[in-house]
A.B. asks: 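I am attaching a structure below and will ask some questions about it afterwards.
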Amino acid sequence: MKKARFLLLIVLLPISTLFIGSCSDDDDNNNPIPESKKSGFVLVTQVGLSTVESFFSQFSEEFPTGAIDNTQGKSFENFFVRGQLGNELYVNTVDQAKGVSKVVVSATGEIEVIGELATIDAAFPVEIVDSNTGYLDDRNDLDIEIFNPSTMMLTGSIDMSSALVVPQADDNIYQEFIVRDDKMFVAYRPRKGTAYASDSLIFHVIDLTTNTFEKSIVLDGHKAPVSSQDPIIDEQGNIYIATQGDLTVPNLFRPSIVKIPAGSTEFDPEYNFKPIDLTPLGAGLPIQVLTQFIYDANGIAYIVGGVEVPPTILQLFAEKGGPFDGNWTPADFGIAFDALRTEPSAKWIEVDLNAQTINIIDDIPLTSPFSGANASKIGANFYFSVVGDQENAFYQYTPSTKTGIRAFQITDGGIPAGLYDLSQN
């Protein structure tokens, strides 16, 4: 069955690329890539919160400043960037077909698709190792696909039939790939309906020298991992993973940061860093939230952490008799999570992964933890998104001075979905 599926994709790929306007007339994947911009910036915004309606992507030669109308860019049905290799962006197909689109900015400044890889189901996550090697999860099954980013062709797969599967889950997917040296750590996310189906954090370990499954590792008492802009691997090779907790009221499992030590393929059972507990409200927050995670250097990283309770949720507490009352309905939870998308209640926080301390970045306003939270490191500075009633912007944060200022605001085109430096190596 796997072989037949692989052959089917190989047959379909040349057909799918016939309709890519930027490809050459003979549509030969081995042809040189058309000349494209090697520097400049792409700003991506999304329209819609809980349901994404569309995307706008706009290229600029210089770093964006002032007020940006991103509708002046190009409109796409989809533009979730899943990986970057130099000036190439790898996107879940821009027309919402199943697969991955390779996108560049042409010499004339147009955002163009120059290659596509078709998959049977959604392709996520995607990990670009180098110009010849990439990995993706075709959610049609549990195996991991290997592909060549240069040709956008599948080259093989990793058999995951021996990996741990949670029996009660009705959907088994992967959340993230983390590559360190000759190992890849795969975050396994079993779901039952819309809920996480395990009370443990589960990763699969892959040997990349043989492209084979090695083992599954489990850390009890932790939920699914938080999405990261990039894998959090420090200079020594320690891997840090932020877990999101269970997002119930109250949290039965609180969000935290855990570690796979350098040279090890097991979780460190002693490392359990809970940044939210160190905020002013600390453990008293009835709902703790961590989202996004990006590394700087020397053990310093940044994360979005909930520091307040949104007013709408406070009102629900009053109506239901408090956060520990048993009268919450599915509709109440829906209202609460919508409030986390629309009402600013989180801050960008500097975390010291070695000392396990935090510094809340006061110069950057409150943001909504579940809407448009993303970050980019460009040069020596970080650019953090802020979304709320009064803000729809990126803020520049300078680690050397620990100061933040608004870099630019987005006046139209939706909320931040990404800021990409095409000169990135």
Side-chain angles (χ1 to χ4, degrees), residues 80-83 122-127 135-137 139 142 144 160 163-166 169 171-180 183-192 194-206 215-234 237-248 251-262 264-277 287-295 301-306 337 340 346 349 351 353 356 369-370 373-375:
F80 278 119
V81 177
R82 300 307 190 189
F124 176 75
V126 177
E127 175 69 21
Y135 299 91
L136 66 85
D137 175 26
R139 289 186 169 178
L142 282 174
I144 296 170
M160 299 296 288
L164 173 65
V165 175
V166 174
D171 190 14
N172 295 287
I173 61 177
Y174 303 132
Q175 175 79 5
E176 183 180 13
F177 296 151
I178 301 173
V179 173
R180 183 189 68 189
K183 304 293 184 185
M184 182 163 71
F185 299 82
V186 178
Y188 167 51
R189 188 183 178 95
R191 292 190 303 190
K192 189 170 185 62
T194 59
Y196 190 63
S198 174
D199 290 340
S200 300
L201 181 67
I202 303 169
F203 271 69
H204 303 318
V205 182
I206 307 299
K215 62 181 177 180
S216 297
I217 58 175
V218 179
L219 186 63
D220 293 334
H222 295 271
K223 290 288 187 172
V226 168
S227 295
S228 300
Q229 296 296 114
D230 297 291
I232 310 301
I233 307 175
D234 70 12
N238 298 299
I239 297 172
Y240 295 91
I241 301 152
T243 66
Q244 64 184 206
D246 56 1
L247 296 178
T248 57
N251 298 125
L252 300 177
F253 296 91
R254 295 295 181 113
S256 63
I257 298 173
V258 300
K259 180 170 74 170
I260 299 174
S264 172
T265 55
E266 298 286 345
F267 292 110
D268 179 349
E270 303 301 319
Y271 190 94
N272 187 17
F273 176 23
K274 296 184 177 181
I276 300 301
D277 283 357
I287 300 178
Q288 289 195 354
V289 178
L290 286 179
T291 63
Q292 291 306 321
F293 198 21
I294 187 169
Y295 187 67
Y302 302 93
I303 200 162
V304 175
F337 293 134
L340 290 171
I349 299 172
V351 292
L353 298 169
Q356 298 187 43
F370 288 169
N374 58 78

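Quick note: residue numbers are just sequence positions, from 1.
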A.B. asks: When you check the side-chain N and O atoms of T265 and K183, is any donor under 3.5 Å from an acceptor?
C.D. replies: no
A.B. asks: Does some side-chain heavy atom of H222 sit less than 4.5 Å from a side-chain heavy atom of F253?
C.D. replies: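 No, their side chains stay 4.5 Å or more apart.
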A.B. asks: Let me confirm one number: the CD1-CE distance from I178 to M184, rounded to the nearest 0.5 Å.
C.D. replies: 10.5 Å
A.B. asks: Report the C-alpha distance between F185 and V205 in whole Å, list the side-chain angles of each, state the deciding distance to 0.1 Å, and finish with yes or no for side-chain contact (heavy atoms from CB on, under 4.5 Å).
C.D. replies: CA-CA 5 Å; F185 299 82; V205 182; 4.0 Å; yes
A.B. asks: May I have the step-by-step check of side-chain contact (heavy atoms from CB on, under 4.5 Å) for I260 and I217, ending in yes or no?
C.D. replies: CA-CA 10 Å; I260 299 174; I217 58 175; 4.1 Å; yes
A.B. asks: Are a donor atom and an acceptor atom from the side chains of Y188 and N172 found within less than 3.5 Å of each other?
C.D. replies: yes
A.B. asks: V304 and A346: which non-hydrogen atoms are nearest, and at how many Å?
C.D. replies: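 V304 and A346 have their closest heavy atoms at CG1-CB, 3.7 Å.
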A.B. asks: Is the side chain of S216 donor-acceptor paired with the backbone N or O of L164 at a distance under 3.5 Å, no angle test?
C.D. replies: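 Checked: pair present.
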A.B. asks: A373 and T291: which non-hydrogen atoms are nearest, and at how many Å?
C.D. replies: CB-OG1, 4.1 Å
A.B. asks: Between the main-chain N or O of G237 and the side-chain N or O of R180, is there a donor-acceptor pair closer than 3.5 Å?
C.D. replies: yes
A.B. asks: Check whether any side-chain N or O of K223 sits under 3.5 Å from a backbone N or O of S198 as a donor-acceptor pair, and report yes or no.
C.D. replies: yes
A.B. asks: Compare all side-chain heavy atoms of F124 with those of F80 and state whether any distance is below 4.5 angstrom.
C.D. replies: no
A.B. asks: If you look at every heavy atom in P369 and V289, which pair is closest and at what distance?
C.D. replies: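 That would be CB-CG1, 3.9 Å.
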A.B. asks: Could you check if a side-chain atom of P190 sits within less than 4.5 angstrom of a side-chain atom of V165, using non-hydrogen atoms only?
C.D. replies: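 Of all side-chain heavy-atom pairs linking V165 with P190, none is under 4.5 Å.
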A.B. asks: Closest heavy-atom contact between D277 and Q288?
C.D. replies: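 Taking D277 first and Q288 second, the nearest heavy atoms are OD1-NE2, 3.0 Å.
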A.B. asks: Classify the ring geometry between Y174 and H204 as parallel (under 30°), tilted (30 to 60°) or perpendicular (over 60°).
C.D. replies: perpendicular
A.B. asks: Quick one: side chains of residues 267-276, donor-acceptor pairs under 3.5 Å with protein atoms, not counting sequence neighbours, listed by atom name and distance.
C.D. replies:
from	atom 1	to	atom 2	distance (Å)
D268	OD1	E270	N	2.9
Y271	OH	L353	O	2.6
N272	OD1	S256	OG	3.1

A.B. asks: Find out whether I206 and Y135 are in side-chain contact, i.e. whether some heavy atom of one side chain is under 4.5 Å from a heavy atom of the other.
C.D. replies: no
